[in-house]
Protein chains: 2
Amino acid sequence: MDTNVTQLLKTYELKVTPQRMCIVEELMKNGHLSIDELYEKIRERFPSLSLATVYKNIHAMMDKNFIKEVKIPNVKSKFELTKNDHAHIICEKCGKVEDVDVNSLSIIKEVEEKSSYKIDHTDLIFSGICPECLTKES
Amino acid sequence: MDTNVTQLLKTYELKVTPQRMCIVEELMKNGHLSIDELYEKIRERFPSLSLATVYKNIHAMMDKNFIKEVKIPNVKSKFELTKNDHAHIICEKCGKVEDVDVNSLSIIKEVEEKSSYKIDHTDLIFSGICPECLTKES
DNA sequence: GCCTAATAGAAAATAATTGTCAATAGAAAA
DNA sequence: TTTTCTATTGACAATTATTTTCTATTAGGC
Ligand SMILES: [Mn+2]
Ligand SMILES: [Mn+2]
Ligand SMILES: [Zn+2]
Ligand SMILES: [Zn+2]
């Protein structure tokens, strides 16, 4: 999995550094992380890492389309490794963020018809209560 | 329309000040504005207004659910007067932001089934090219 | 009109992000 | 391997964005 990360970075034309490998590994492990969460996670394993380096790498990786920003109501943006188009669900209780595959073809079509725009991208965020939090309350 | 704004603010339990009326009028006129756009617009009519006042009012109005933040990929958040649930379309060429009414019942249902979450809110952003920009290029 | 709590504005404080620069470390070439 | 060259790192400064503090003013109720 070490070589895995190395190869991944190379595929996206990103020089392989220990700092970057660390970032990728944390994103693989945790899915969606804010800058601060990412910074804290990495410092546990890599205490010398500087926050500026995190910012710089986040930008480099976004430029190469290797990672994506997810903007969520009320909280700081999260970042994730780029993968197949998908929507996000946020639990308003515990803050958990999850992926969900939805078929967005029909809603895109509806939007295109109503607006006359040519749509090429969607950002769909659903907020609610996750199954765990649902059972806990009630 | 002056009394209109006054009444609106009172409805949302917000003390009526000239600064607030100005904010509301600009939002009514322009639809979706970032903090900076709002600040600039208002200064034309109300040069003494301070940026901190804009921030404070934006927060007060969000707390009362009178306005809403719209988070859009790549650009600073916009704010709008709260209205019926609706989605947003962004033109990637000219940056225009428009409302669009979509029927989200079926996609919400799909998400709930796939995730077991209880969804109570959606933020749907569609990005593409607006009809005006479409004709200009090609 | 008078009273009181809320709000405005100026400025300082804090938080978030970006830029600078010398030292270092990838990675490609020799 | 060793050399070379450029990109990256980390410390720190500089910006930019947002929030707080404080005092004077004002809206809205009595
Ligand atoms: Mn995701
Ligand atoms: Mn809108
Ligand atoms: Zn939860
Ligand atoms: Zn356009």
Side-chain angles (χ1 to χ4, degrees), chain A residues 2-26 33-64 66-67 69-79, chain B residues 2-26 33-64 66-67 69-79:
Chain A
D2 197 59
T3 349
N4 185 6
V5 174
T6 302
Q7 281 311 315
L8 247 184
L9 284 167
K10 283 184 179 161
T11 305
Y12 283 87
E13 303 177 274
L14 290 159
K15 216 180 202 179
V16 179
T17 69
Q19 291 87 344
R20 281 176 180 174
M21 292 185 60
C22 220
I23 289 174
V24 176
E25 284 162 10
E26 287 303 330
L33 293 173
S34 69
I35 289 269
D36 305 318
E37 289 163 347
L38 193 52
Y39 182 51
E40 285 314 318
K41 295 264 182 207
I42 295 172
R43 297 197 95 199
E44 291 170 17
R45 289 202 285 146
F46 205 130
S48 70
L49 182 108
S50 121
L51 181 56
T53 298
V54 179
Y55 275 105
K56 282 182 253 192
N57 279 324
I58 288 291
H59 283 132
M61 291 173 174
M62 286 213 287
D63 289 346
K64 297 290 187 181
F66 180 43
I67 65 173
E69 180 176 5
V70 185
K71 290 192 172 188
I72 300 171
N74 311 315
V75 302
K76 283 190 80 177
S77 288
K78 312 263 183 188
F79 296 87
Chain B
D2 198 57
T3 350
N4 185 6
V5 174
T6 302
Q7 280 312 316
L8 247 184
L9 283 167
K10 283 186 179 161
T11 305
Y12 283 86
E13 302 178 275
L14 290 160
K15 220 176 197 181
V16 179
T17 70
Q19 291 86 343
R20 282 176 179 175
M21 292 186 61
C22 220
I23 290 175
V24 176
E25 284 162 11
E26 287 304 329
L33 293 173
S34 69
I35 290 269
D36 306 318
E37 289 164 347
L38 194 52
Y39 182 52
E40 285 314 318
K41 296 264 183 207
I42 296 172
R43 295 195 97 199
E44 292 170 16
R45 286 203 285 145
F46 205 130
S48 70
L49 182 109
S50 123
L51 181 55
T53 297
V54 178
Y55 275 105
K56 281 184 272 198
N57 279 324
I58 288 291
H59 283 135
M61 290 173 176
M62 286 212 289
D63 289 347
K64 297 292 187 181
F66 179 44
I67 66 173
E69 181 176 6
V70 185
K71 290 191 172 187
I72 301 171
N74 312 312
V75 302
K76 285 191 80 177
S77 288
K78 311 263 183 188
F79 296 86

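What's counted below: heavy atoms across the whole structure, side chains too, no hydrogens, waters or symmetry copies. The chains referred to below are lettered A, B, ... by the order of the sequence lines, with proteins before strands, and numbering in each begins at 1.
Nearest heavy-atom pair across Gln19(A) and Leu49(A) is CG-CD1, 3.4 Å.
Applying the ring pair (Phe, Tyr, Trp, His ring centres under 6.0 Å) test to Phe79(B) and every residue at least two apart in sequence or in another chain returns nothing. For Lys78(B), the side chain to side chain donor-acceptor pair (under 3.5 Å) partners two or more places apart in sequence, or in a different chain, are Glu37(B). Partners of Val16(B) by side-chain contact (heavy atoms from CB on, under 4.5 Å), not counting sequence neighbours, listed by chain and number: Thr6(B), Leu9(B), Lys10(B), Met21(B). Listed by chain and number, the residues in a ring pair (Phe, Tyr, Trp, His ring centres under 6.0 Å) with Phe46(A) amount to none (sequence neighbours excluded). Not counting sequence neighbours, the partners of Ser77(A) by the side chain to side chain donor-acceptor pair (under 3.5 Å) test are Glu69(A). For Asp36(A), the side-chain contact (heavy atoms from CB on, under 4.5 Å) partners two or more places apart in sequence, or in a different chain, are Ser34(A), Lys76(A). Applying the ring pair (Phe, Tyr, Trp, His ring centres under 6.0 Å) rule to Tyr55(B) yields no partners; only residues at least two apart in sequence or on another chain are considered. For Asp63(B), there are no salt bridge (charged side-chain N to carboxylate O under 4.0 Å, His left out) partners at least two apart in sequence or on another chain.
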For nucleotides 23-30 of chain C, list the nitrogen or oxygen atoms of the protein found under 3.5 Å from its nitrogen or oxygen atoms, one pair per line.
residue: dA27(C); atom: OP1; partner: Val16(A); partner atom: N; Å: 3.0

Listing time: all N or O pairs from protein to nucleotides 17-19 of chain C that are below 3.5 Å?
residue: dT17(C); atom: OP2; partner: Tyr55(A); partner atom: OH; Å: 2.1
residue: dT17(C); atom: OP2; partner: Lys76(A); partner atom: NZ; Å: 3.4
residue: dT17(C); atom: O5'; partner: Tyr55(A); partner atom: OH; Å: 3.2
residue: dT18(C); atom: OP2; partner: His59(A); partner atom: NE2; Å: 3.3

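The side chain to side chain donor-acceptor pair (under 3.5 Å) analysis of residues 43-54 of chain A, with sequence neighbours excluded, yields the pairs Glu25(A)-Arg45(A), Glu26(A)-Arg45(A), Tyr39(A)-Arg43(A).
In DNA chain C, consecutive stretches of 3 or more Watson-Crick or G-U wobble pairs with both distances under 3.5 Å are given as paired ranges: C:1-30 with D:1-30.
The separation between Lys64(B) atom NZ and dA6(C) atom C1' is 11 Å, rounded to whole Å.
Among the atoms of the strands shown, none is found under 4.0 Å from any heavy atom of Tyr39(A).
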